[in-house]
2 protein chains.
Amino acid sequence: MASQPTARDRLLDAAEDLAATQGVNITSVDAILDRARVSPATLYAHFGNKEGLITEALRRRLARWDTTWQECIDDADSREEKLLAVFTALSRHRRALTPSRWCVFLGVAAETPHPGRDLQDTLAADTRLLLGRLEDLAGPVVGAEQAPLLARRIVLVYTGVLGMILRGADVDAATAEGRSIAALALHAVGAAAPAVRR
Amino acid sequence: MASQPTARDRLLDAAEDLAATQGVNITSVDAILDRARVSPATLYAHFGNKEGLITEALRRRLARWDTTWQECIDDADSREEKLLAVFTALSRHRRALTPSRWCVFLGVAAETPHPGRDLQDTLAADTRLLLGRLEDLAGPVVGAEQAPLLARRIVLVYTGVLGMILRGADVDAATAEGRSIAALALHAVGAAAPAVRR
DNA sequence: GTCTATACAAAGATAGAC
DNA sequence: GTCTATCTTTGTATAGAC
């Protein structure tokens, strides 16, 4: 029956949007409060402090990314396509949510040299999700032995796409280019260690 | 005869070090002044404001990167090695200067959603230098027509290496991995459009 | 849970003397 | 050119009422 978002949700929305588009350090608590139309006390009651709010907003965004990516994997037909679905997911993710200037997680990591434990964990969870899932998907394609190598390479290329967006590159062009390079890496590793059958 | 660095140089050193290791937004003017052992008025007399100082420090660092990279290119034997020398240069650069947490230019870009014109130009100059020089080096290897494509791909991979450092990856490992992927891209593009002779 | 009002610290930048 | 001292704004966070 909740027709109106709660103050808590409005805070998370505002924090996510501003972190994604402006960055966390330049975004003041006041700016978040203004956008969420919420009073200071409410923020601190729910999240303790600014970093707590940011951490919670990132957790929520990571969960949504997780879902979107998994859907793209499920939609893909072949094992190779599933491995490259991370690039499709990037496009879909950016269309579904407030598109970040490049990547909210890397952005917050770049801006926060000394994160608290919870924030640190949340940021690391993004990288863990990428490496872990790509390794799982790479196993059936190039074998368990080569899977970690291929996963690292695809994460590197994926991260490069995000960086190119920060450099001002066209998002779709950079994504397509990343996918091409990842496909090269896939076939190179696959050639070295022939694909596991079925 | 200048045995002591000037106040101006101490300011540039302090700004560069703190921007590289901590980030620009979290670094206060006071912190820069403390480290440089300089008074506020001196900073503003020389650079106008904080962004002016940061811009100047970045310009100086870009010039040093330019030099280091060119030296690595000159040291390389083959045309292919010259094209991949950007990864060697990255290692050498990071050993020569205060190593940034990942990349000072991308870091400042990520932290500054609305840069002034001078800062904007300086940040863009980094990307321009990368794309332009790599395209020049790619021409003799894959031909002028394919050179822009290969240059973009290598910049993407190079940027991915920097992003992996931000993700916590080992610097040498990420650099080596990036070089391998760039070599794949080189050979793939080269195979599509056979190398120009000489 | 949420608000109004405010405390307190830190930020960037400037004035005026030497 | 450089310093000491200070001004003003903005920042995060809390107190106390409803």
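Numbered from 1 within each chain, the chains take letters A, B, ... in sequence-line order.
B:W69 and B:L156 fall within the same hydrophobic cluster, defined by Ile, Leu, Val, Met, Phe, Trp and Tyr side-chain heavy atoms under 4.5 Å apart, directly or through other members. Side-chain heavy atoms closer than 4.5 Å link hydrophobic residues (I, L, V, M, F, W, Y) into clusters, and following such links, even through other members, never connects B:V24 to B:L12.
Where DNA chain C meets chain A (any atom under 4.0 Å from a heavy atom), the bounding nucleotides read 5' to 3' are C:dT2 to C:dA5.
For residues 91-139 of chain B, the ring-ring contact (aromatic ring centres under 6.0 Å, His included) pairs, not counting sequence neighbours, are A:W102-B:W102, B:W65-B:H93.
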Donor-acceptor contacts under 3.5 Å from residues 133-151 of chain A side chains, at least two apart:
unit_1 : atom_1 : unit_2 : atom_2 : d
A:R133 : NH1    : A:D66  : O      : 3.3
A:R133 : NH1    : A:D66  : OD1    : 3.2
A:R133 : NH2    : A:D66  : OD1    : 2.6

Side-chain donor-acceptor distances from residues 115-128 of chain A under 3.5 Å, at least two apart:
unit_1 : atom_1 : unit_2 : atom_2 : d
A:T122 : OG1    : A:D118 : O      : 2.9
A:D126 : OD2    : B:R167 : NH1    : 3.1
A:T127 : OG1    : B:R167 : NH1    : 3.0

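Listed by chain and residue number, B:I32, B:L53, B:I54, B:A57 satisfy the side-chain contact (heavy atoms from CB on, under 4.5 Å) test with B:A15 (two or more places apart in sequence, or in another chain).
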Point to revise | Summary of protein contacts for nucleotides 9-14 of chain D, nucleotide by nucleotide, where a base hit scores B, a sugar-phosphate-only hit scores S (4.0 Å, heavy atoms) | key: --SBBB

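Of the inter-residue distances, the one linking A:N25 atom CG with B:N25 atom CG reads 5.5 Å to the nearest 0.5 angstrom.
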